[in-house]
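For reference, the structure is listed below as structure tokens.
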There are 4 protein chains.
Amino acid sequence: MTRNRERIVQAARTLVSVGGFREAQVAAVAAEAGVSTGLIYRYFPSKTELFVEVLTVAIDAEIVILRGAAAAHTDARDQLGAAIEAFVRRALAGPALAYAFIAEPVDPEVDAERIRGRRRFGEVFRDILLAGIERKEFPAQDADVTAACIVGAFTEALVGPVAPILREKTAGPAQLVESIREVCLRAAGSVG
Amino acid sequence: MTRNRERIVQAARTLVSVGGFREAQVAAVAAEAGVSTGLIYRYFPSKTELFVEVLTVAIDAEIVILRGAAAAHTDARDQLGAAIEAFVRRALAGPALAYAFIAEPVDPEVDAERIRGRRRFGEVFRDILLAGIERKEFPAQDADVTAACIVGAFTEALVGPVAPILREKTAGPAQLVESIREVCLRAAGSVG
Amino acid sequence: MTRNRERIVQAARTLVSVGGFREAQVAAVAAEAGVSTGLIYRYFPSKTELFVEVLTVAIDAEIVILRGAAAAHTDARDQLGAAIEAFVRRALAGPALAYAFIAEPVDPEVDAERIRGRRRFGEVFRDILLAGIERKEFPAQDADVTAACIVGAFTEALVGPVAPILREKTAGPAQLVESIREVCLRAAGSVG
Amino acid sequence: MTRNRERIVQAARTLVSVGGFREAQVAAVAAEAGVSTGLIYRYFPSKTELFVEVLTVAIDAEIVILRGAAAAHTDARDQLGAAIEAFVRRALAGPALAYAFIAEPVDPEVDAERIRGRRRFGEVFRDILLAGIERKEFPAQDADVTAACIVGAFTEALVGPVAPILREKTAGPAQLVESIREVCLRAAGSVG
DNA sequence: TATGAATGAGTGTTCATTCAT
DNA sequence: CATGAATGAACACTCATTCAT
């Protein structure tokens with residue numbers, strides 16, 4: 001059944017988001033998914049491949065959402081704001097995705113996928129920035145650097161070590177979303 | 001001899017910066033330091049404690065440098081720019097510190113120290129921001145959020161996945177340092 | 001269908017001759033035979049039983065051929081020479097049978113069958129030798145020992161480690177067949 | 001201690017000779033040697049390397065003995081006879097060496113060493129044969145083929161499946177040694 | 001009869017930690 | 001103080017066998 005494959009991926013994702021790669025042993029994934037360890041190897045050639053897929057799937061989904069949120073607007077500024085807000089809102093909803101982005105995966109191959117994921121996130125913002133710069137909505141700047149900074153910024157603010165404190169301090173999620181959005185928009189040079 | 005203790009910490013730091021926590025086994029640290037594995041346990045109760053100290057020492061040193069760089073200026077804008085530039089320049093000089101900040105440490109306790117380190121970095125920027133806001137150099141904003149974003153921003157731009165590409169693309173380190181500084185200053189609301 | 005049974009045995013035989021017992025897993029046999037793994041267990045109670053049959057069938061066929069080759073002659077010397085030649089020629093034609101005879105089977109039970117096979121090969125030669133000794137074609141000797149030595153001799157020359165070199169060196173298969181035949185005939189005491 | 005290394009090799013050798021490679025798991029070797037499994041990896045990079053050494057050491061020792069036995073004589077016939085006798089006597093003394101020569105080791109690398117061993121045994125006999133042929137003690141023949149056959153012959157007679165029966169049947173070890181020696185000498189063309 | 005998904009015990013290997021010297 | 005040999009629990013992965021469909 002292809003249902004088991006999904007169960008395995010989901011179990012792996014859950015374990016990573018809760019306890020990091022460190023606690024996501026094959027046996028634990030199997031237990032979480034309610035299957036035997038051997039079954040995991042029917043669907044994935046190795047633990048590495050499983051976690052590469054976990055990351056890929058998670059990132060793909062987020063990328064789609066980001067681009068979708070941006071596509072609902074025409075102004076680059078609104079696109080940027082919407083993409084950031086979409087990302088932040090989702091991240092605040094649960095720890096599922098968060099951990100994977102700051103984690104140093106045990107395996108270099110998984111790490112490569114994580115790196116690719118961050119790069120792809122950056123590309124979403126870079127595209128928006130480039131269009132905005134061309135339309136004079138943003139000042140001239142190195143869009144790649146700004147995009148990387150934006151990714152780093154909300155990653156840190158959301159899933160980084162400061163996040164728990166920020167969440168407590170700021171008056172509810174809406175407030176935090178708004179703060180992050182403003183910082184990132186300013187970083188892009190958009191005059192608020 | 002307390003000299004051995006230093007040699008061990010230095011060896012551990014070297015190994016982490018070169019190959020990450022993954023390749024920094026106790027035996028490897030001992031070999032790098034030129035001591036026996038047993039000796040490490042005379043100075044540190046566990047591998048975890050050793051790496052907590054490695055991080056603490058490294059972060060302490062950076063904090064001092066950051067604050068020192070900022071103290072050379074009076075304008076908040078200049079302080080912020082100097083602190084960022086100091087951090088970025090040092091990070092570009094070598095991988096020594098960089099890796100430790102995005103790495104997911106093997107051990108939760110080490111992770112806790114890493115988190116504390118990032119928070120302390122954030123505090124440096126928060127203090128500068130708060131002073132600047134009070135003096136109307138920066139617009140009203142949540143200084144904690146902005147500070148976290150700044151830490152995330154240059155961490156990503158420096159040691160994140162995009163870094164290698166950025167380094168190749170931008171015309172030399174000086175160019176990259178400048179780009180990052182500008183983004184962060186804009187993020188703080190400083191009109192360039 | 002009994003056709004499936006044959007297909008399974010044939011597939012197992014092919015895999016063993018190509019890659020040894022090591023690569024002849026049940027799943028691989030099933031794939032090679034174009035059936036499911038489960039079907040194998042409908043015909044054989046265990047993997048062991050399957051490979052015991054593989055060996056038995058292969059050896060039976062060879063024994064028949066050996067005896068047939070010998071039966072075409074009346075002189076013991078010619079019988080011995082013909083039997084050896086028949087075996088050697090067949091072995092040189094393909095690796096099919098060869099591997100199974102020096103291989104240490106995974107399973108003691110399969111090993112027992114292999115041992116039985118070699119013994120039965122020895123008996124073919126022992127019978128020829130005994131008849132030859134009685135007719136004074138061969139000198140008095142321990143026919144069992146000589147027979148075992150003959151089996152060992154051509155097994156080594158054919159499938160042992162020296163085989164590849166011998167095949168390259170000697171001028172074609174015909175030459176090697178002749179050399180082995182001569183050595184074995186001399187071993188039996190037949191004056192060439 | 002280098003004593004442990006020897007204990008490990010000896011334990012591995014014992015297990016192989018008693019139960020074959022199949023029963024010589026790392027844990028079993030450790031138990032037999034009275035050490036922990038981890039200690040084995042202090043001396044050997046892998047299970048494979050351990051068993052390669054076990055074979056190499058065993059074969060080296062036998063080769064020295066074979067050549068030594070032959071060196072005590074001047075006639076090629078006597079040399080050949082002495083070498084065979086030496087090998088056979090030792091083999092009859094215990095199962096230690098025996099199993100390793102017919103076993104198909106689990107690992108290709110170990111198998112390669114086994115193959116090399118048999119080849120080196122063959123070379124001992126080939127050298128003796130070549131000298132004897134030159135001195136007209138033996139008739140013209142393919143010395144490589146004869147050497148391979150001799151190795152195969154006594155391997156089969158000694159450690160092959162027929163061995164147990166031969167041992168029971170023949171009147172004591174001395175008798176069997178003599179029979180094998182005679183067969184091999186005849187195979188070389190030496191007129192007894 | 002036939003399938004092949006599912007099982008889970010077993011194996012080689014790593015590495016933080018200890019302790020006799 | 002200092003050594004480094006020794007430990008052993010833990011982990012990824014394999015594969016013969018079973019059984020619901």
Side-chain angles (χ1 to χ4, degrees), chain A residues 1-5 8 22-31 33-50 106-107, chain B residues 1-5 22-31 34-51 106-107, chain C residues 1-2 4 22-31 34-51 106-107, chain D residues 1-5 8 22-31 33-50 106-107:
Chain A
M1 257 189 291
T2 204
R3 188 61 179 276
N4 272 326
R5 193 178 205 284
I8 291 167
R22 183 116 270 259
E23 293 183 26
Q25 308 100 321
V26 174
V29 172
V35 301
S36 65
T37 63
L39 191 61
I40 289 179
Y41 289 88
R42 174 167 293 275
Y43 297 110
F44 301 92
S46 68
K47 185 192 182 189
T48 292
E49 295 295 313
L50 166 58
V106 172
D107 197 298
Chain B
M1 262 188 288
T2 201
R3 189 59 178 277
N4 274 329
R5 195 178 206 284
R22 185 115 271 259
E23 294 182 26
Q25 308 99 325
V26 173
V29 171
V35 301
S36 66
T37 60
L39 192 60
I40 289 179
Y41 287 86
R42 185 161 296 279
Y43 294 111
F44 300 93
S46 71
K47 186 193 182 190
T48 292
E49 295 298 313
L50 165 59
F51 283 99
V106 173
D107 196 298
Chain C
M1 264 188 286
T2 202
N4 273 330
R22 184 115 272 258
E23 293 182 25
Q25 307 99 324
V26 174
V29 172
V35 301
S36 66
T37 61
L39 193 59
I40 289 179
Y41 287 86
R42 184 161 297 278
Y43 295 112
F44 301 92
S46 71
K47 187 193 182 190
T48 292
E49 296 298 313
L50 166 58
F51 282 99
V106 172
D107 197 299
Chain D
M1 257 189 291
T2 204
R3 189 60 178 276
N4 272 327
R5 194 179 204 284
I8 291 166
R22 184 116 271 257
E23 292 183 26
Q25 309 99 321
V26 173
V29 172
V35 300
S36 65
T37 61
L39 191 61
I40 289 178
Y41 289 87
R42 173 167 294 276
Y43 297 110
F44 301 93
S46 70
K47 185 191 182 190
T48 292
E49 295 294 314
L50 166 59
V106 172
D107 197 300

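Just so you know, these numbers use all the heavy atoms, side chains as well, and skip hydrogens, waters and symmetry mates. Numbered from 1 within each chain, the chains take letters A, B, ... in sequence-line order.
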So do the side chains of B:Phe44 and B:Val26 get within less than 4.5 Å of each other, counting heavy atoms only? no
Whole angstrom is fine here: how far is it from [atom1] in [X] over to [atom2] in [N]?
X: C:Gln25; N: F:dC13; atom1: CD; atom2: C1'; answer: 13 Å
X: A:Ile8; N: F:dA12; atom1: CD1; atom2: P; answer: 14 Å
X: B:Arg22; N: E:dA16; atom1: CZ; atom2: C1'; answer: 13 Å
X: D:Ile40; N: E:dT11; atom1: CD1; atom2: C1'; answer: 13 Å
X: B:Phe51; N: E:dC15; atom1: CZ; atom2: P; answer: 13 Å
X: B:Glu49; N: E:dA16; atom1: CD; atom2: C1'; answer: 14 Å
X: B:Glu23; N: E:dA16; atom1: CD; atom2: P; answer: 13 Å
X: D:Leu39; N: E:dG12; atom1: CG; atom2: C1'; answer: 16 Å

Closest heavy-atom pair and its distance - A:Thr37, A:Ala27: CG2-CA, 3.9 Å
A:Ala24 to A:Lys47 - nearest heavy-atom pair and separation: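 Reported closest heavy-atom pair: O-CE, 3.2 Å.
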Which nucleotide in the list [options] gets nearest to the side chain of [X]?
X: A:Thr37; options: E:dT3, E:dA6, E:dG8; result: E:dG8
X: C:Lys47; options: F:dA16, F:dT3, E:dT7; result: F:dA16
X: A:Tyr43; options: E:dA5, F:dA6, E:dT7; result: E:dA5
X: C:Ser36; options: F:dC13, F:dT3, E:dT3; result: E:dT3

[X] side chain near [N] phosphate (N/O to OP1/OP2, under 4.0 Å):
X: B:Asn4; N: F:dA2; result: yes
X: B:Arg42; N: F:dC1; result: no
X: D:Tyr41; N: E:dT14; result: no

Taking any heavy-atom pair under 4.0 Å as a contact, classify A:Val26: base, sugar-phosphate, or nothing.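 Counting heavy atoms under 4.0 Å across all strands, the contact made by A:Val26 is with sugar-phosphate only.
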Between the OH atom in C:Tyr43 and the CG atom in C:Asn4, the distance rounded to the nearest 0.5 Å is 4.5 Å
Output the distance between atom CZ (B:Arg5) and atom CG (B:Leu50), rounded to the nearest 0.5 Å.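 Output value for this atom pair is 8.5 Å.
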Both distances below 3.5 Å, Watson-Crick or wobble geometry, any strand: find the nucleotide opposite F:dA20.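 By the stated definition (distances under 3.5 Å), E:dT3 pairs with F:dA20.
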Partner nucleotide of E:dG10 by Watson-Crick or wobble geometry (both distances under 3.5 Å):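 Across all strands, the one nucleotide that pairs with E:dG10 is F:dC13.
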5'-most contact on DNA chain F: A:Pro45 or D:Val35, nearest heavy atom basis?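 The residue mapped nearer the 5' terminus is D:Val35.
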Candidate pair C:Phe51 and C:Val29, rule side-chain contact (heavy atoms from CB on, under 4.5 Å), full reasoning: CA-CA 11 Å; C:Phe51 282 99; C:Val29 172; 4.1 Å; yes
Nearest nucleotide by nearest heavy atom, which residue falls closer to the 5' end of DNA chain E, B:Thr48 or D:Thr48?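 That would be D:Thr48.
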By nearest heavy atom, map A:Gly34 and B:Ala24 onto DNA chain E; which one lands nearer the 5' end? A:Gly34
